[in-house]
Amino acid sequence: MGNPTSLYLQAASISLPVGSLVWVEDPDIAWIDGEILEVNGSDIKVLCNSGKTVVVKSSNVYAKDAEAPPSGVDDMTKLAYLHEPGVLHNLKARYDINEIYTYTGNILIAVNPFRRLPHLYDTHMMAQYKGAAFGELSPHPYAVADAAYRLMINDGVSQSILVSGESGAGKTESTKQLMRYLAYMGGRAAAEGSRSVEQQVLESNPVLEAFGNAKTVRNNNSSRFGKFVEIQFDQKGRISGAAVRTYLLERSRVCQLSDPERNYHCFYMLCAAPPEDIQRFKLDNPRTFHYLNQTNCYELNGVDDGKEYLATRKAMDVVGINSEEQDAIFRVVAAILHLGNIEFAKGKEIDSSVPKDEKSWFHLRTAAELFMCDIKALEDSLCKRVIVTRDETITKWLDPEAAVTSRDALAKIVYSRLFDWLVDKINSSIGQDPNSKSLIGVLDIYGFESFKTNSFEQFCINLTNEKLQQHFNQHVFKMEQEEYTKEEINWSYIEFIDNQDILDLVEKKPGGIIALLDEACMFPRSTHETFAQKLYQTFKNHKRFCKPKLARSDFTICHYAGDVTYQTELFLEKNKDYVIAEHQALLNASKCSFVSGLFPTSNEESSKQSKFSSIGSRFKARILFHLIFAMAGHQQLQSLLETLNATEPHYIRCVKPNNLLKPAIFENHNVLQQLRCGGVMEAIRISMAGYPTRKPFYEFLDRFGILSPEVLDGSTDEVAACKRLLEKVGLQGYQIGKTKVFLRAGQMAELDARRTEVLGRSASIIQRKVRSYMARRSFTLLRRSTIQIQSMCRGELARHVYESLRREAASLRIQTIVRMYIARKAYKELWSAAVSTQTGLRGMAARNELRFRRQTKAAIIIQSHCHKFLACSKFKNLKKAVITTQCAWRAKVARKELKKLKMAARETGALQAAKNKLEKQVEELTWRLQLEKRMRADVEEAKNQENAKLQSALQEMQVQFKETKEMLVKERENAKRAAEQIPIVHEVPVIDHELMNKLSTENENLKTMVSSLENKIGETERKYEETNKLSEERLKQAMEAESKIVQLKTTMQRLEEKFFDMESENKILRQQGLLTPAKWVSDHSPSLASKIVENGHYLNDENHTNDALSSTPSKNYETPDSKLRRPPIDRQHEDVDALIDCVMKDVGFSQGKPVAAFTIYKCLLHWKSFEAERTSVFDRLIQMIGSAIENQESNDHMGYWLSNTSTLLFLIQKSLKPGGAVGATPTRKPQPPTSLFGRMTMGFRSSPSAVNLAAAALVVRQVEAKYPALLFKQQLTAYVEKIYGIIRDNLKKELGSLLSLCIQAPRTSKGSLRTGRSFGKDSSTNHWQRIIECLNSLLCTLKENFVPPILVQKIFTQTFSYINVQLFNSLLLRRECCTFSNGEYVKAGLAELELWCCQAKEEYAGSSWDELKHIRQAVGFLVIHQKYRISYDEITNDLCPILSVQQLYRICTLYWDDNYNTRSVSPDVISSMRVLMTEDSNNAESNSFLLDDNSSIPFSIDEVSESLQVKDFADVKPATELIENPAFQFLHE
C-alpha cells in the first residue's frame, strides 16, 4: 500500500453484478449515481439517474450503499462505503435538510448555510451539550469545544482547535461559537458595562481584517495572515484571560501585486477617507500610487471603502486605540503609499542614485513629514549604505535598482511593525493571564491555495498547510490506533501514509527548494531562470517534483491536495527580507513617539551593520511561530513539533458550498476541492489504509445475516454469530473487535455483492412461486367462468321459449282490447256531435234575448242624462245673478269703511304709544337676558325656569310686534285701496300738505324704529340661542364629570378596601422590625414584676395585669436544689418544649388531617402568640421544621412535613388579619362610598355566606396579626415551597436515568424485533414500567400523608412536563431515535402513562397528560404510514398543531424507517418548511427548537387555601400525648 490512491482503486475494483448501484465520474457534477446494465470484462455499462448511459472502466466505479438513509449519517465513519463520492453525497444530503455539521471521526465538517439558523446556537443548546459524550448528540461546534474543555479539566493538557477553510466558509462564525461555548463553560460573565472575553476578541476582527486582509483571485476578503486565539483558564477552569496571536503576515503584498488582486484594505480605505484626512495626508486616487496601481482592481463590488474607513476607526475606539494613535497609524499607512511613489535615477557618482524628478522629491518630502524624520536622512537611508569594517566605516552608494529594493524593504518592515503593534495593542486591551497553566487555542488559518498563477505567497501558504497536514495525518492515525486499541484488534501491519517526502523536498538542508532559493538570493546575478534551472537539475528524478511542458521557469509540486504549478518570476524578490540598520536608526530617531516606538533601539551589533536574512531560512521557525503557545524567539522545528504533539488538537473544517454565497446551492466540484485541500480526503485515505468499514455486531447481523441464516438459529452471542458468518462466507483480512466488525477496503462491497446474489436468488424463488400461484389461480378462474357461461347459455334458451309463448298469449289479448276500443270510440264521437248541436242552438236564443235587454237599458240612461243637463243650466244662471248682487252691496259697505280709516290715520298718538311700549319691552327683555346670564353663573339649579320665562316673554313680544306690524300694513293697504277707489272727479279734496309731510315723516321714523327693533330682536334671539347652546354644553360636561367622579370614587373605594389589609401588614413589618429586642428586661430586675411572660412572648403593657390574673396556673416542677416554685418564664418554655418534642414525632393523622399542624395551631391560638409583639415561639417552630427536613431525602418523610406545613399555613392564613402596630400611626380606613353603585358593590362584597361563617367559627378565630406572626407566615410559606421542590426534584432525579433509556427502543436480534404490543413482556428492559412504579410509589406516599390534592397535582404536572421536555429534546438531538420502531416503542410507553393518569384520576393527576403534548404529537407523526402523502397543512393543523416549524422540519429530516423502509414527507413539504424557517430567521430571532424545563413554584398560598375547607377540621383531634399534660387542658375544648 505504498501509493494511497491504490486504496481507492482496490475499493473500486471489486466485481459488481448487474443491477448494482454505483457511482461514476461526471464532468458536470463530479459524481453521479446509476445502475449497472452490463459488465464486459473491465468495461461496465451504467445507466445514470440523469438518463444517459455511459461505459466506464471498473476501476473508476465505486459502489453505492442502497440502504443508506436519505438524509445521510451524522458521522461519516458509519458509512458503509467510505470513499470520495460517498462522502460528497452524504454532505449534500445533510446540507439539503439544513444539517450543516457532520463528523468524520472526531473531525467536524461545517458547511456554510449562508442563512441564519438561530435555533442552533442559543443557551439552551449549550446546556444540552454540556457534559454530553462526544458523538452522543448531533454534530456541533459545541461538542468539539466541550470535548476540548473536558480534556483540559480532567487531564490538565492544553487543547487547540484548528479551524480551517476558505474565506466565506464560515471560519469566523465557527470561531465565534467556539468562544461563546468556552465562555459559557468558563463561567466568567461580563461585568456591568464591560465586555466579555468573547466580545473583546470578536471586536478586534474588523481592525485585523482592515490591515491583514486583501482581495485575492478567489476571495474578496482573504486573510493574508494566520490568527490564533488563546482562551486562558485558571486552575478552577474559569476564564482568566485571552490573547490573539498572528503569524506569517504576507509582507511582500505591500510592494508587489499581481492582477486582479488588491493590496491590503487599509490603503484603499485611507484613499476614500473624508476630505480633511485626505488633505492632511496629501493623498489622491488609488490609481496614482505605485503600490496600488500594479493591478486594475481598485474597488470591490458592494463595498464602500469610505464607510469601511469610518467603521474601522470606530472598531479601533472599541479595542482601546485612542484618536491620537489612530491618526499616527493612518499617517504611517499614508507614508508607505508615498514611499512607493519615490522613483530613482542615476546620480552623478558611479552606481549612485537620486530621486528621479520633482514628483519623487514631493513624495520623499511628504513621507519624511509623515514619518516626522529628517528628509536628508530618509534620502540617505534609501540611496546609501554604510558598511562598518574593523578599521573604518565606508559609505556606499546604491544604484537605482538597489535603491528601489531598499525602498520596498523599508515599506515592508514598517507595515510589519505596524501590524505587530496593532496585535499587541489588542492583546493589552483584552488582558492576559501570565499565570495560566491551561489554555484552549482556536486557530483560524487560511487553507490550501491553488490559482491560475501561483507565486511565492502560495508556496509559503501551501508549505504551511503541508506542515499542518502532517500533524493532522498523525492525529488521524493516532485516532485510528486508539480505536483499534480500544477494540483490541491487531493493527501493527497497517502502513502510515505521510507527506514527509514533500516536506523534505521543500525544506531539507541542504538541497531543499528553500535552501536553493536562499543560495540564489546570495548571488547578485542570480535570476529566476537560473533558480528554476537549478531546481530542474536537482529534482529531476523526484516523484513529487516535475517540470511543466513548454515552461522555462515554472515548476510543479504534487501536494497532498493536488498538483500546483508555481511561477518563479518573483520568488527571489519576495524572499529577500532585509533588516537595514539605516532604516532602524532613521525611524528610531523620529520625532513621532508612535513611529519611534515601532523601532526600538536594537543591540550594538545589529546597529553597526545590515544583516541579511530570508523568509525561507527562517520559515521553519516562523511558519508555526504563533500556533500553540506564542513562543518568544526562534525555535528549531523539532522543539516546535514536540510542542504540537504535547497539545491535544481538535479539527473543524469549514466548507463553502458555492462561490455565489447564496443558500441552498451545493456545488460538487467546489466542495470536493475544499475537502481535498482541507485534508478530509487525506484522512479518508488513512482510514482506507486500515479498516474503513466498522459495523456494530447487531447492524452487521441485520444486514448480512441473510448470507448464512443458520448462524442465527438459537444464537444469543452476537460475536460468535459474526465470526461464524464471516467464516461461512470465506472472507479474509477482517478483524473482530469488542463491539464492532472491522472490514478492509473493498470487503464491504464484496459482502454486498454476495448479499445481492442471495437476494437475487431469493427473488427468483419468490417470482417462481408467485408465477405458479398466479397460473393456478388463472386456471381455476377460467374453469369457474366456463361453468358459469354454460349455465347462463341454457338459461338464456329457456328464457327465449318462454318469451315466445308469452308473446302469443299477449297478442290475442291485445286484439280483443283493440276491437273493444274501436267500438267505444265510434259511440263516443256520435254522442259528442249531438250534444254540440244542442248546445249551439240554445246559446243563440240566449244571445238574442240579451241583446234586446241591453238596448232597452241604454235608452233609459240617455233620457236621464238629458233631464239632468237642463236642471243644471237653470241653477247656474240663478247663482250668477245672486253673486253679482252681493258684490255690489259689499262694495258700498267697503267705501264707508274707507272713510272711517282715513279719520283714524290722522291720530298718530296711538302709534307713538305703541312705539314706546315696544322699546320698553325690548329694554325689559335685554335686562332679563343679562339677569338670566348672571343667575345661570351663580345658581345652576334655576337655569331651566329662567330659560322658560325668557322664552315666553320673547314669544309675547314677538306676537305683539307681529300684531302691530300687521295692523300697520293692513291700515296702509286699506288707505291705499280706498284712495284708488274714490272718484276724484266728483269731489274737490282739501289737502293739508303740512300734515301730510308730518305724517310721512313720522311714518318713516316709525319704519326705522320697527327695523331697529327687528334687528335687536334678531340679535337677542341669536345671543339667546348661543347662550342656550353653551349652557347645554356645560351642562353635558358637568354631567359627564359628575359620572366620572362617581366612577373614580367607586374605583378608589375598591382599591382602598382591597389594599387596606396589605398596607396595615407592611406598616407593621416596617415598624416592628425596627424595635429594639426585649433584652433590657433581664438587665432591669425591678421591671420584671410588671412584665408577665406567657409561653415565651411578652404581652402589651395595658393588659398585662388582667392577663396575669386570668392565666391558668401550670404544673409546678421541682428542682434538685430547691422546692421553690419555678418562675413563669421557665414554665412557658417547658410548655413550648413539650409541644416541640411531641410534634417532632410522627403523631399521625385524624380525619384525614395532620395532627401536628392542628395541635400547633391550637396552642398558638390559646397562647395568643399571633397577637404578641415579641415572642420566641415562632423561631423555635421554624428551627424545628428546618431540623426535621435537614439532610432528609426520603419522600415519605418529606410528604409528612409537606402535609403539616401546608395545613398549618392554611389555618394561619384563615386566622390572621393584619392589625396596627404599637405606637404606629393608625391607618386611615377607606371612606364609605357615596354613590348608589359603590354602596351596592360594598354591600355585595361584605355579605359572606352565613354557613361559611358558622363553619369557620368552630375551628378558626380571627386575630390581629403582629409582626412575629406575619414573619412566621412568610417563613412557613418558604418551607412549604422548599419541601415541595425537594419532593419534585427527587422524582425528576429518579426518572432522569430512566428517561434516557426510554427514548430508544431496545435492540433485538434479527427475527425477534420488538413491537409496541410486546411492550410489557420483557421486564429486564421495560424501563417504562419502572417509571410507572416510581409514579405509583410517590402517589401512595403523598396519599398516605394526606398532602393537599392541589400540591399533588402540581408535582405530577411538573413531572410530566419534565418527561415531555426530556423525551422531546432527545428525539430532536438523536437521529437514531427518529425511527418508526422507536416511535411505536415510545407510543406504547405513553399509553402506559395515560393509563396511569386515568387510574390516578383528575383529583391527583390534574392536567398531567396534557403536558405530554409535544412528545405525543411527535411520536404520533413517527408511527403514521405513508407520510409522503400528507400535506403541510394537514401536519400543522391536524397532526402536530403544537409543534413549531423548526421542530417539524427537524423531525421530518431526521426520520428514517428501520422496519418498512418507507419514505418521510414529500420534498414539497420539506421545501415549504424551509421557506418558513428562512422567513422566521429573517424577520426575527427564532426560538430554539428545544424545550426548556420549568422549575418554578407553580402554586400560590391562595390556591392551597381555596382547595381546603375549614369545616373539615371540626372533628380533628389534637395529639394524645399533650392532652394528658395538665398544661394543655385547653386542647379538650
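Between the NZ atom of Lys92 and the OH atom of Tyr95 there is a distance of 10.0 Å, given to the nearest 0.5 Å. Within the model, atoms CZ of Phe419 and SG of Cys266 stand 10.0 Å from one another, a figure rounded to the nearest 0.5 Å. Residue Arg552 holds its CZ atom at 11.0 Å from OG1 of Thr568, rounded to the nearest 0.5 Å. With rounding to the nearest 0.5 Å, the separation of CG in Leu410 from CD1 in Ile413 is 9.0 Å. The CZ atom of Arg544 lies 9.0 Å from the CG atom of Asp563; values are rounded to the nearest 0.5 Å. For the atom pair CD1 of Ile336 and CG of Leu418, the computed distance is 6.5 Å after rounding to the nearest 0.5 Å.
In this structure, Glu569 has no salt bridge (Lys or Arg N to Asp or Glu O under 4.0 Å) partners at least two apart in sequence or on a different chain. Not counting sequence neighbours, Tyr560 has no partner by the side chain to side chain donor-acceptor pair (under 3.5 Å) test. Residues forming a side chain to side chain donor-acceptor pair (under 3.5 Å) with Ser406 (at least two apart in sequence, or on another chain): Arg385, His583. Residues passing the salt bridge (Lys or Arg N to Asp or Glu O under 4.0 Å) test with Lys656 are Glu166, sequence neighbours excluded. Taking Arg224 as the reference, Ser222, Glu250, Glu449 meet the side chain to side chain donor-acceptor pair (under 3.5 Å) condition, with sequence neighbours excluded. Looking at residues two or more places apart in sequence or on another chain, you find a side chain to side chain contact (heavy atoms under 4.5 Å, CB included) between His669 and Ala30. Under the side chain to side chain donor-acceptor pair (under 3.5 Å) criterion, Arg407 pairs with no residue at all, not counting sequence neighbours. Residues satisfying the salt bridge (Lys or Arg N to Asp or Glu O under 4.0 Å) criterion with Lys508, sequence neighbours excluded, are absent altogether. Contacts of Thr102 classified as side chain to side chain contact (heavy atoms under 4.5 Å, CB included), with partners at least two apart in sequence or in another chain: Met76, Asn90, Leu91, Arg94. With sequence neighbours left out, the salt bridge (Lys or Arg N to Asp or Glu O under 4.0 Å) criterion links Asp554 to no other residue. With sequence neighbours left out, Thr527 forms a side chain to side chain contact (heavy atoms under 4.5 Å, CB included) with Glu529, Thr530.
Classified by interplanar angle (parallel below 30°, tilted 30° to 60°, perpendicular above 60°), the ring pair Tyr264/Phe267 is tilted. Ring geometry for His89 against Trp23 counts as tilted: the plane angle lies between 30° and 60°, on a 0 to 90° scale.
When side chains are defined from C-beta on, Val655 does not count as touching Val680, because their heavy atoms never get closer than 4.5 Å. When side chains are defined from C-beta on, Tyr566 counts as touching Gln458, because their heavy atoms get closer than 4.5 Å. Inter-residue side-chain proximity for Tyr101 and Pro141 is flagged as met; some heavy-atom pair is nearer than 4.5 Å. Here the side chains of Thr405 and Asp408 are not in contact, with every heavy-atom distance at 4.5 Å or above. Taking 4.5 Å as the limit, every side-chain heavy atom of Leu339 sits out of range of all side-chain heavy atoms of Val414. The shortest distance between side-chain heavy atoms of Ile502 and Cys558 does not fall below 4.5 Å. For the pair Leu398 and Phe344, the minimum side-chain heavy-atom distance is 4.5 Å or more. Residues His559 and Glu466 form a side-chain contact, since some pair of their non-hydrogen atoms from C-beta on lies under 4.5 Å apart.
Remark: side-chain polar atoms of Glu25 are not paired, donor with acceptor, to backbone N or O of Trp31 under 3.5 angstrom. Side-chain atoms of Asn293 never come within 3.5 Å of backbone atoms of Thr288 as a donor-acceptor pair (strictly under, hydrogens ignored). Remark: the backbone N or O of Ile32 is not paired with any side-chain donor or acceptor of Asp26 at under 3.5 angstrom. A donor-acceptor pair under 3.5 Å links the side-chain atoms of Lys171 to the main chain of Gly165, judged by distance alone. No donor-acceptor distance shorter than 3.5 angstrom exists from the side chain of Tyr309 to the backbone of Cys271, with no hydrogens or angles considered. A distance-only check finds a donor-acceptor pair linking the side chain of Gln294 to the backbone of Cys255 [under 3.5 Å]. Distance alone, capped at 3.5 Å, places no donor-acceptor pair between the Ser416 side chain and the Lys412 backbone. A donor-acceptor pair under 3.5 Å is formed between the side chain of Asn454 and the backbone N or O of Thr565.
Closest of all the heavy-atom pairs between Ala551 and Tyr536 is O-OH, 4.3 Å. Across all non-hydrogen atoms, the minimal contact from Asn112 to Gly170 is ND2-N, 3.7 Å. Scanning both residues, Phe459 and Phe571, for their nearest heavy atoms gives CB-CZ, 3.9 Å. Considering every non-hydrogen atom in both Phe211 and Val333, the closest pair reads CE2-CG2, 3.9 Å. Nearest heavy-atom pair across Cys654 and Ser174 is SG-OG, 3.6 Å. Heavy atoms only, all atoms of each residue included: Leu208 and Phe225 are closest at O-CE2, 3.8 Å.
A donor-acceptor contact closer than 3.5 angstrom links the side chains of His265 and Asn221.
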Derivation of the side-chain contact (heavy atoms from CB on, under 4.5 Å) call for Phe114 and Ile665: CA-CA 10 Å; Phe114 295 117; Ile665 299 176; over 6 Å; no
Derivation of the side-chain contact (heavy atoms from CB on, under 4.5 Å) call for Glu84 and Arg676: CA-CA 10 Å; Glu84 189 174 281; Arg676 291 167 179 165; 2.9 Å; yes
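Residue Lys534 places its NZ atom among 12 or fewer non-hydrogen atoms of other residues, nucleotides or ligands, all under 6.0 Å distant. Around the CD atom of Gln500, the shell of radius 6.0 Å holds more than 12 heavy atoms that belong to other residues, nucleotides or ligands.
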Mind listing the side-chain donor-acceptor pairs of residues 296-304 below 3.5 Å, one per line with the distance, residues two or more places apart or on another chain?
from: Tyr298; atom 1: OH; to: Thr295; atom 2: O; distance (Å): 3.2
from: Asp304; atom 1: OD1; to: Gly306; atom 2: N; distance (Å): 3.0

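Between Phe555 and Phe539, the distance separating the two ring centers is not shorter than 6.0 angstrom.
Salt bridge status for Arg253 with Glu261: present, with a side-chain N to carboxylate O gap under 4.0 Å.
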